[in-house]
**Q** 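Just passing along the structure, written as structure tokens.
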Amino acid sequence: MPVLQIDNLTKRYGKIKAVDNLNLTIDPGNVYGLLGPNGSGKTTTLGIILDILRQDEGSYQWFDGQHGDHARLHIGAILETPNFYPYLNAEENLEIVRQIKGVKKQDFNELLEIVNLAHRKKSAFRTYSLGMKQRLAIAATMIGDPKVLIFDEPTNGLDPQGIAEVRNILKRIADMGNTVIMASHILDEVEKICSHVAIIKNGKLLATGPVGAILNDDVTLELNSGDKIALTHALHEMSTVSAISDKEHWVECLLDEDQMSVEELNRSLFERGIILTRLVARKRRLEEEFLAITQNA
């Protein structure tokens with residue numbers, strides 16, 4: 001049973017389609033990254049599925065409809081910059097959130113430990129750094145033990161240390177078995193945290209699936225030899241090699257490892273009389289895949 005089913009979702013602002021016929025299925029236990037550049041429709045999509053915005057067409061359903069109109073009670077979310085009472089401390093602010101959510105009393109110590117704020121739980125919110133404020137907001141989303149947690153650009157505006165702290169917390173939350181939906185334009189963030197990804201541009205879904213499936217089996221190679229021209233010519237004759245480009249100090253290409261290993265490529269070039277002076281192999285990263293998918297979209 002999917003946690004969330006989205007069917008043909010569309011949202012217009014005048015002539016602009018912020019979300020364009022979006023279809024998406026999110027299963028329980030997945031950490032799902034909505035990945036796309038700013039203005040791609042990620043936040044609008046989250047606003048619709050959280051009942052903040054109304055779609056023009058299409059539909060969505062939480063938890064296969066089993067919670068009816070009360071599905072929102074089983075979801076924790078941060079969509080905007082976290083706002084708390086500046087003169088209250090962490091525990092007092094979380095207590096207010098608990099009362100608003102209408103859930104039973106709970107010990108906040110565990111939540112504050114997860115977000116590394118236990119040592120500052122008695123400090124006023126106004127004394128917190130931006131990263132600490134974001135971490136308190138993450139703790140607030142977990143009040144009531146929701147089945148799904150939603151974060152919109154969770155590291156936006158943070159310094160490198162703050163980004164690393166929030167990223168580690170989100171990984172910790174994901175490892176607890178929660179379903180997490182995270183919108184981001186930062187590819188490195190999605191690649192390190194998410195199990196699944198949906199690539200969105202101009203409101204359209206371009207690709208979706210496990211991160212490992214979106215990243216294909218091609219290996220990026222950096223090659224050079226004493227005769228760069230002969231090397232380039234030989235690579236063009238190989239059906240297993242593609243996207244050959246001449247860089248200043250090497251030739252870059254993609255190798256289909258399903259058809260030929262790096263070792264076999266090296267041997268084939270040697271048999272053609274080409275001795276490599278440089279051979280660097282690296283798996284294609286999500287950034288390269290994202291650029292390839294969105295380039296002509």
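Worth knowing before you read on, the calculation uses all heavy atoms, side chains too, and leaves out hydrogens, waters and symmetry mates.
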**Q** Output all residues satisfying ring pair (Phe, Tyr, Trp, His ring centres under 6.0 Å) with H196, sequence neighbours left out; order by chain, then residue number.
**A** Y32

**Q** Side-chain heavy atoms nearer than 4.5 Å, only ILVMFWY residues, links allowed to pass through others: does that put L53 and I200 together?
**A** yes

**Q** Treating Ile, Leu, Val, Met, Phe, Trp and Tyr as nodes and any side-chain heavy-atom pair under 4.5 angstrom as an edge, say whether L35 and I78 lie in one connected cluster.
**A** yes

**Q** Could you go through residues 112-120 and list every donor-acceptor pair under 3.5 Å that involves a side-chain atom there, pairing it with any protein atom two or more places apart or in another chain?
**A**
{"from": "R120", "atom 1": "NE", "to": "S123", "atom 2": "OG", "distance (Å)": "2.8"}
{"from": "R120", "atom 1": "NH2", "to": "T127", "atom 2": "OG1", "distance (Å)": "3.0"}

**Q** Counting only heavy atoms from other residues, nucleotides and ligands, does the tally under 6.0 Å from CG of L130 exceed 12?
**A** yes

**Q** Quick one: does K201's side chain have a donor or acceptor within less than 3.5 Å of a partner on L206's backbone?
**A** no

**Q** Can a salt bridge be assigned to the pair R267 and E263 using a cut-off of 4.0 Å between side-chain N and carboxylate O?
**A** yes

**Q** Classify the side-chain pair E264/N266 by whether it contains a donor and acceptor separated by less than 3.5 Å.
**A** no

**Q** Kindly write out the residues that satisfy ring pair (Phe, Tyr, Trp, His ring centres under 6.0 Å) with F125, not counting sequence neighbours, or none if the list is empty.
**A** F84, Y128

**Q** Show your reasoning for whether side-chain contact (heavy atoms from CB on, under 4.5 Å) applies to E95 and F108.
**A** CA-CA 8 Å; E95 174 59 20; F108 298 132; 3.8 Å; yes

**Q** Between T10 and Q55, does any side-chain donor sit less than 3.5 Å from a side-chain acceptor?
**A** no

**Q** Kindly check if the number of other-residue, nucleotide or ligand heavy atoms within 6.0 Å of CD (Q66) is above 12?
**A** yes

**Q** Connecting only ILVMFWY residues whose side-chain heavy atoms lie within less than 4.5 Å of each other, what is the rest of Y87's hydrophobic cluster?
**A** Y85, L88, I96, I100

**Q** Under 3.5 Å, is there a donor-acceptor pair linking the side chains of N8 and N23?
**A** yes

**Q** Sequence neighbours excluded, which residues qualify as side chain to side chain contact (heavy atoms under 4.5 Å, CB included) partners of L79?
**A** L46, L50, I52, D152

**Q** Report yes or no: do L111 and M132 belong to one cluster of Ile/Leu/Val/Met/Phe/Trp/Tyr joined by side chain heavy-atom distances under 4.5 Å?
**A** yes

**Q** Output side-chain donor-acceptor pairs under 3.5 Å for residues 160-169, partner residues at least two apart or in another chain, one line each.
**A**
{"from": "Q161", "atom 1": "NE2", "to": "E165", "atom 2": "OE2", "distance (Å)": "3.4"}
{"from": "E165", "atom 1": "OE1", "to": "R135", "atom 2": "NH1", "distance (Å)": "2.8"}
{"from": "R167", "atom 1": "NH2", "to": "D188", "atom 2": "OD2", "distance (Å)": "3.4"}
{"from": "N168", "atom 1": "ND2", "to": "A164", "atom 2": "O", "distance (Å)": "3.2"}

**Q** Please tabulate, for the side chains in residues 174-183, all donor-acceptor contacts under 3.5 angstrom to protein atoms that are two or more places apart in sequence or on a different chain.
**A**
{"from": "N178", "atom 1": "ND2", "to": "I173", "atom 2": "O", "distance (Å)": "3.0"}
{"from": "T179", "atom 1": "OG1", "to": "G29", "atom 2": "N", "distance (Å)": "2.7"}

**Q** Indicate yes or no: at least one non-hydrogen side-chain atom of N224 is less than 4.5 angstrom from one of L276.
**A** no

**Q** Evaluate the side-chain proximity of L221 to E252: yes if any heavy-atom separation is below 4.5 Å, no if none is.
**A** no

**Q** If hydrophobic clusters are built by linking Ile, Leu, Val, Met, Phe, Trp and Tyr wherever their side-chain heavy atoms come under 4.5 Å apart, do F63 and I48 end up in the same one?
**A** yes

**Q** Measuring only between side-chain heavy atoms, which start at C-beta, is N202 closer than 4.5 Å to S40?
**A** no

**Q** Scan the side chains in residues 238-248 for donor-acceptor partners under 3.5 Å anywhere in the protein, sequence neighbours excluded, and list what turns up.
**A**
{"from": "D246", "atom 1": "OD1", "to": "K228", "atom 2": "NZ", "distance (Å)": "2.7"}

**Q** Do the side chains of M142 and V148 join up, straight or via other hydrophobic residues, at under 4.5 Å, putting them in one cluster?
**A** no

**Q** Please report the interatomic distance CG(L9) to CG(L205), rounded to the nearest 0.5 Å.
**A** 11.5 Å

**Q** Which distance, rounded to the nearest 0.5 Å, do you find between the CG of L136 and the CD of E91?
**A** 10.5 Å

**Q** Can you check side-chain contact (heavy atoms from CB on, under 4.5 Å) on S129 and K133, steps first, answer last?
**A** CA-CA 6 Å; S129 67; K133 291 176 180 178; over 6 Å; no

**Q** Is there a side-chain contact between W250 and L223 in this structure, where contact means two heavy atoms from C-beta onward sitting under 4.5 Å apart?
**A** no

**Q** Please, which pairs that meet side-chain hydrogen bond (donor to acceptor under 3.5 Å, both in side chains) have at least one residue in residues 137-148, sequence neighbours excluded?
**A** H67-K147

**Q** Apply side chain to side chain contact (heavy atoms under 4.5 Å, CB included) to V280 and list each qualifying residue two or more places apart in sequence or on a separate chain.
**A** E222, R278

**Q** Write out all pairs satisfying salt bridge (Lys or Arg N to Asp or Glu O under 4.0 Å) with one or both partners inside residues 68-79, taking only residues at least two apart or from two chains.
**A** none

**Q** Write out all pairs satisfying salt bridge (Lys or Arg N to Asp or Glu O under 4.0 Å) with one or both partners inside residues 51-62, taking only residues at least two apart or from two chains.
**A** R12-E57

**Q** For E237 and R272: C-alpha separation, side-chain torsions, deciding distance, then whether side-chain contact (heavy atoms from CB on, under 4.5 Å) applies.
**A** CA-CA 11 Å; E237 291 181 343; R272 295 169 184 242; 2.8 Å; yes

**Q** Could you walk me through whether L4 and I6 pass side-chain contact (heavy atoms from CB on, under 4.5 Å), step by step?
**A** CA-CA 7 Å; L4 174 64; I6 297 175; 3.9 Å; yes

